[in-house]
Participant: 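Take a look at this one; I'll ask things after.
These numbers were taken from a predicted model, which means no experiment stands behind them. Each chain gets a letter, A, B and so on, in the order its sequence line appears, and its residues count up from 1.
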2 protein chains.
Amino acid sequence: MYSKELLKGTLSAIILNLLAENGRMYGYEISQRVKELSDGKILLKDGSLYPALQKMTKDGLLTYKEEFIGKRVRKYYLLTTKGEEQKVLYLAELKDFLATLNKLVFPQLSLA
Amino acid sequence: MYSKELLKGTLSAIILNLLAENGRMYGYEISQRVKELSDGKILLKDGSLYPALQKMTKDGLLTYKEEFIGKRVRKYYLLTTKGEEQKVLYLAELKDFLATLNKLVFPQLSLA
DNA sequence: AACAATACCTTGTAATTCTATGTATATATT
DNA sequence: AATATATACATAGAATTACAAGGTATTGTT
């Protein structure tokens, strides 16, 4: 597990990207997928994830549809048009930032 | 300029790395160097930098020596032994995190 | 029946960077 | 000489955001 501060600013980009790739996902599914894709190194807590999904919904980046699985309600989240646009912007910014950071901190690894 | 949250968790790694490479630096010099190395994309505000340097000093990672340049006092910061150890740990964690994040968000760019 | 896993939620906390503001000296420009 | 810009430090409070802790309820496993 990484220092939790490292994740800041990247969580929404991760969510946007997962939803863009998978069409629609529910919260628990997102947390499991992140855990799986990161080999257990990024463990999204539900205390982080659900408020983030709600905020992104409030900001117009996501919508959701509730479906009943037996008696249980699942919220499937998907990107809005605005969310798709933001995804492109966020990922571009993140990519640029990661490149800059690599250059700054690991100059010997960053090939021009 | 990047969304300010992105820098979180990386600032101390940047400072530790710069001091490790340059021996000793003063605050203003650090901010200018970061600006220069990042092509103006990371602009450390002094409201961020000086408190960070103070905290890292309090945590035993840095020490400083004051020198007078004319009438002006400069604080030259340098790594302590503990700071050198932390630098290795922080950079390893950061490198691992960046690799994980790349895999998660830019899978098509991350070659196994 | 008991437990773990699934699936959602809320409140308050902690950590960290930033904004705004302040002080003062040194250098460059007009 | 006066003014503006750059240098160099600092602090207080705001904003953001992931987390911890706690809660509810259903489903699957032993």
Participant: Please report, rounded to the nearest Å, how far the C1' atom of dT17(D) is from the NZ atom of K58(A).
Facilitator: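 In whole Å, dT17(D) C1' and K58(A) NZ are 13 Å from each other.
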Participant: L6(B) CG to dT17(C) P: how many Å, rounded?
Facilitator: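 Going from CG in L6(B) over to P in dT17(C) covers 12 Å.
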Participant: Could you tell me the separation between the CG atom of L7(A) and the P atom of dT16(C), rounded to a whole number of Å?
Facilitator: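 It is 14 Å, rounded to the nearest whole Å.
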Participant: Regarding K71(B), tell me which of base, sugar-phosphate or nothing describes its non-hydrogen contacts under 4.0 Å with the strands shown.
Facilitator: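 Here K71(B) touches the backbone only, sparing every base.
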Participant: Nearest 0.5 Å, what's the CD1-CD1 distance between I42(A) and I14(A)?
Facilitator: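 Rounded to the nearest 0.5 Å, the CD1-CD1 separation comes out at 4.5 Å.
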Participant: Determine whether a donor-acceptor pair (one donor, one acceptor, N or O, separation below 3.5 Å) exists between the side chain of K8(B) and the base of dT17(C).
Facilitator: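 Checked by distance alone, the answer is no.
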Participant: Which listed nucleotide (dT16(C), dT7(D), dC8(C)) is nearest to the side chain of K55(B)?
Facilitator: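 Among the listed nucleotides, the one closest to the side chain of K55(B) is dT16(C).
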Participant: Please list, in numerical order, the residues of residues 41-48 of chain B that have a heavy atom closer than 4.0 Å to any atom of DNA chain D.
Facilitator: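 D46(B), G47(B), in order of number.
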Participant: With the threshold set at 4.0 Å, does a side-chain nitrogen-carboxylate oxygen contact exist between D59(B) and K82(B)?
Facilitator: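 Salt bridge flag = no for K82(B) with D59(B).
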Participant: Determine: side-chain N/O of K75(B) to OP1/OP2 of dA10(D), distance under 4.0 Å, yes or no.
Facilitator: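 For K75(B), the contact criterion (side-chain N or O under 4.0 Å from OP1 or OP2 of dA10(D)) is met.
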Participant: Return whichever of P51(B) or Q32(B) has its heavy-atom-nearest nucleotide of DNA chain D closer to the 5' end.
Facilitator: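 Its nearest nucleotide being more 5', the pick is Q32(B).
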Participant: How close or far is atom C1' of dC8(C) from atom CD of Q54(A), stated in whole angstroms?
Facilitator: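 So the CD-C1' distance, Q54(A) to dC8(C), works out to 9 Å.
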Participant: Under 4.5 Å between side-chain heavy atoms, counting indirect links through other Ile/Leu/Val/Met/Phe/Trp/Tyr residues: same cluster for F106(B) and I30(A) or not?
Facilitator: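 Shared cluster, yes.
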Participant: Tell me the interatomic distance from L53(A), atom CG, to dA18(D), atom P, rounded to whole angstroms.
Facilitator: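 That distance rounds to 11 Å.
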Participant: Determine the minimum heavy-atom distance between L43(A) and M1(A), stating which atoms define it.
Facilitator: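 Closest heavy-atom pair between L43(A) and M1(A): N-SD, 3.5 Å.
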Participant: Taking the nucleotide of DNA chain C with the closest heavy atom to each, which residue, S3(A) or I69(B), is nearer the 5' end?
Facilitator: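 Its nearest nucleotide being more 5', the pick is S3(A).
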Participant: Based on the rotation axes of five pairs at each end, what angle does the helix from dA1(C)-dT30(D) to dT30(C)-dA1(D) bend through, to 10°?
Facilitator: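 Roughly 30°, once rounded to the nearest ten degrees.
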Participant: What contact category does E29(A) fall into here, base, sugar-phosphate, or nothing, at under 4.0 angstrom with non-hydrogen atoms?
Facilitator: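 No contact.
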Participant: If you measure only the distance, is there a donor-acceptor pair under 3.5 Å linking the side chains of T100(B) and Y2(A)?
Facilitator: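 Checked: T100(B)/Y2(A) side chains pair up, N/O donor to acceptor below 3.5 Å.
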Participant: Without decimals, in angstroms, what is the distance between K4(B) NZ and dA18(D) P?
Facilitator: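 Rounding to the nearest Å, NZ of K4(B) and P of dA18(D) are 13 Å apart.
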Participant: Between CG of L53(B) and CD1 of I15(B), what distance do you get to the nearest 0.5 Å?
Facilitator: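 Separation between the atoms: 4.5 Å.
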Participant: Ignoring backbone atoms, establish whether Y50(B) has a side-chain N or O less than 4.0 Å from OP1 or OP2 of dC9(D).
Facilitator: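 Checking Y50(B) against dC9(D): at least one side-chain N or O falls below 4.0 Å of OP1 or OP2.
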Participant: For Y77(B) and Y64(B), take the angle between the two ring planes, folded into 0 to 90°, and tell me which bin it lands in: parallel under 30, tilted 30 to 60, perpendicular over 60.
Facilitator: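 Correct class here is tilted.
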Participant: Identify whether any heavy atom of L11(A) sits under 4.0 Å from a base atom; if not, whether one sits that close to sugar-phosphate; answer base, sugar-phosphate or nothing.
Facilitator: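 Here L11(A) touches the backbone only, sparing every base.
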Participant: Could you tell me how far apart E5(B) (CD) and dA18(D) (C1') are, to the nearest whole angstrom?
Facilitator: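 That distance rounds to 10 Å.
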Participant: At less than 4.0 Å, is any side-chain N or O atom of Y28(B) found next to OP1 or OP2 of dA6(D)? Yes or no.
Facilitator: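 Indeed not, no polar side-chain atom of Y28(B) lies that close.
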Participant: I need the R24(B) CZ to L19(B) CG distance, nearest 0.5 Å.
Facilitator: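 Answer rounded to 0.5 Å: 11.5 Å.
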Participant: For the pair made of CZ in R74(B) and C1' in dC9(D), what is the distance, rounded to whole Å?
Facilitator: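 Between C1' of dC9(D) and CZ of R74(B): 12 Å.
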Participant: Between CD of E21(A) and CG of L104(B), what distance do you get to the nearest 0.5 Å?
Facilitator: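 Going from the CD atom of E21(A) to the CG atom of L104(B) covers 9.0 Å.
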Participant: What are the two closest non-hydrogen atoms of L11(A) and A52(A), and how far apart are they?
Facilitator: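 Scanning both residues, the minimum pair turns out to be CD2-CB, 4.0 Å.
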